[in-house]
Structure formats: C-alpha cells, structure tokens
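Have a look at the structure below, then the notes.
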Amino acid sequence: RFLVAGNGSEEGRLRGLVASLKLGDRVIFLGARDDICDVLRAMDVFVLCSDHEGMPMVLLEALHLGVPVVARRVGGIPEVVRDGETGILVPPLDPGALADALVSLALDPSRRAAMGARGRAGVRAYTADRTEALTRALYGLRIRQPIGGPFGAAAALVPRSPEGPDTAPAISPVRIGTRRTRTPPDA
C-alpha cells in the first residue's frame, strides 16, 4: 500500500489519477497529520518526490526512525541521503527512475533493513548541538560590541583570540540584537 501524507495543490489531481487507475484499495490519502513519526514508523520506504527542495527535515526524521529513503537528487537532499547506503537518489523529473528505485527496495527487505540501520546511525551528525558547535567552529567569531548603522543592527564580529576566551559573548542567534544605537545622519 502507498500512504500519501500531507495536502496541497496536487491532491485533487492525484486522487483523480488513483481513481482512474482503480488503485483506491492500494493508495491511502492521509491528509495533513500531526503524528508524522507514527506515519513514518508504518512505512517500509519513505519517498520524497519533490523536484525542488532545500534541506527537508522529514528526511532526517525518516532516517532517524530507520526508514530508508528514495528521493530526487536536488537541493540539500544528497547531503542527507547517502545514495546506495541510506537510500536511493534519482535524477529530478524522472518518474521512471523513482518508480524503479521504490520497487527495488520494496522487493528487498534485507537491503531496506541495512539502509535503515545506516540511516539511523548517520543521522546523528544532524543534532542541534553538533550543528551549533560546527557553526561556531566555522565562524570562529565572537560579538565584540554593538555598533550603529543605517539599518540599526548589530554587532561587530571579531576573530576568536588564540590565547583563549575574552569577555565577549559567543555568537548566538538569540544574542544578536537589532536595536539602533545611533541615528543615521540622513534620518
């Protein structure tokens, strides 16, 4: 069976296609759900067929739950899904490749289980704490002092001292303000 979760502009067309192909007993439209983890746990394979994506959180959720993924090779998806290891990536705008990948996993339970286990292990790289630590390391910057400007914002960014921490707070989205500290001359 195929579960279709969510709703959107294509739902009516998809329902019509399912009816015309007489697949109503095999395709279940779930609509918008707030229990997506339960829905994902019920799946053997998760398919994301978007042709345009950034970094879809649902892929991280599926992998975390040990569900292998079939998705198109677009946006940030290849950074999350390791082709042949945690799922299968296919070219965009190629429904035949998407169908072939789904069928190959549907017919191979041991491959699905191996991909699911690798997905669960690999998704640990995407925790909030690790992402924050990597971002801080990447920038290696600290906030030194508020400054003014025509847009009011901000803070002066200075490199972290190699001798050790100073009194400036570390960069954090919560600590960066937008309070104007002086009025621009032409205001």
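Just so it is clear, the model here is predicted, and its values are computed rather than measured. The first residue of the sequence shown is numbered 1, and numbering continues consecutively from there.
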- Note on the structure: For Pro78 and Leu89 the tightest heavy-atom approach is CA-CD1, 3.8 Å
- Does Ile36 belong to the same Ile/Leu/Val/Met/Phe/Trp/Tyr cluster as Val4, with side-chain heavy atoms less than 4.5 Å apart forming each link? no
- Note on the structure: Sorted by chain and number, sequence neighbours left out, side-chain contact (heavy atoms from CB on, under 4.5 Å) with Met57 holds for Leu60
- Note on the structure: Those residues at least two apart in sequence (or on a different chain) that pass side-chain hydrogen bond (donor to acceptor under 3.5 Å, both in side chains) with Arg111 are none
- Would you check if Val69 and Thr86 make a side-chain contact, meaning some heavy-atom pair closer than 4.5 Å? no
- Between Arg82 and Arg118, the two heavy atoms sitting closest are NH2-O, 3.8 Å
- Query: Around Asp38, counting heavy atoms of other residues, nucleotides and ligands shown, do more than 12 lie under 6.0 Å from its CG?
  - Reply: yes
- Might you point out which heavy atoms bring Glu10 and Arg13 nearest each other, and give the distance in Å? OE1-NE, 2.6 Å
- Message: Salt bridge check, Asp83 against Arg73: does any charged N sit closer than 4.0 Å to a carboxylate O?
- Response: yes
- Are Leu23 and Leu14 in one and the same hydrophobic cluster, where Ile, Leu, Val, Met, Phe, Trp and Tyr link if side-chain heavy atoms are under 4.5 Å apart? yes
- Message: Please say yes or no: joined through hydrophobic side-chain contacts below 4.5 Å, possibly via intermediate residues, are Val67 and Met55 part of one cluster?
- Response: yes
- In terms of hydrophobic clusters joined by side-chain contacts under 4.5 Å, are Leu107 and Leu105 together? no
- Task: Let me know which of Leu98, Val74, Val47 forms a side chain to side chain contact (heavy atoms under 4.5 Å, CB included) with Val90.
- Result: Leu98
- Message: Check for me, please, whether Met43 and Ile28 land in the same ILVMFWY cluster - side-chain distances under 4.5 Å, paths through other members count.
- Response: yes
- Message: Could you check whether any side-chain N or O of Asp51 sits under 3.5 Å from a backbone N or O of Leu93, counting only pairs where one atom can act as donor and the other as acceptor?
- Response: yes
- Using atom types as modelled and distance alone, determine if a side-chain donor or acceptor of Thr127 lies under 3.5 Å from a backbone N or O of Arg130. yes
- Which atom pair, heavy atoms only, marks the closest approach of Pro92 to Arg72? CA-CD, 3.7 Å
- Query: How long is the gap from CD on Glu85 to CE on Met115, to the nearest 0.5 Å?
  - Reply: 8.5 Å
- Message: Using every non-hydrogen atom in the two residues, find where Ser104 and Ile88 come nearest and quote the distance to one decimal.
- Response: OG-CD1, 3.6 Å
- Message: Are Leu102 and Val45 packed together at the side-chain level, in the sense that at least one heavy-atom pair is separated by less than 4.5 angstrom?
- Response: yes
- Please lay out, stage by stage, how Phe29 and Leu3 fare under the test side-chain contact (heavy atoms from CB on, under 4.5 Å). CA-CA 6 Å; Phe29 288 88; Leu3 302 177; over 6 Å; no
- Task: Scan Leu59, Leu65, Leu63, Val70 and name whichever one has a side chain to side chain contact (heavy atoms under 4.5 Å, CB included) with Phe46.
- Result: Leu59
- Can you name the closest pair of heavy atoms from Leu40 and Glu61 and give their distance? CD1-CB, 3.8 Å
- Assess whether side-chain contact (heavy atoms from CB on, under 4.5 Å) is satisfied between Leu48 and Glu53, documenting all intermediate values. CA-CA 10 Å; Leu48 184 66; Glu53 281 291 344; 4.2 Å; yes
- Message: Under 6.0 Å from the ring centre and within 45 degrees of the ring axis: does the NZ or CZ of Arg26 meet both conditions for the six-membered ring of Phe2?
- Response: no
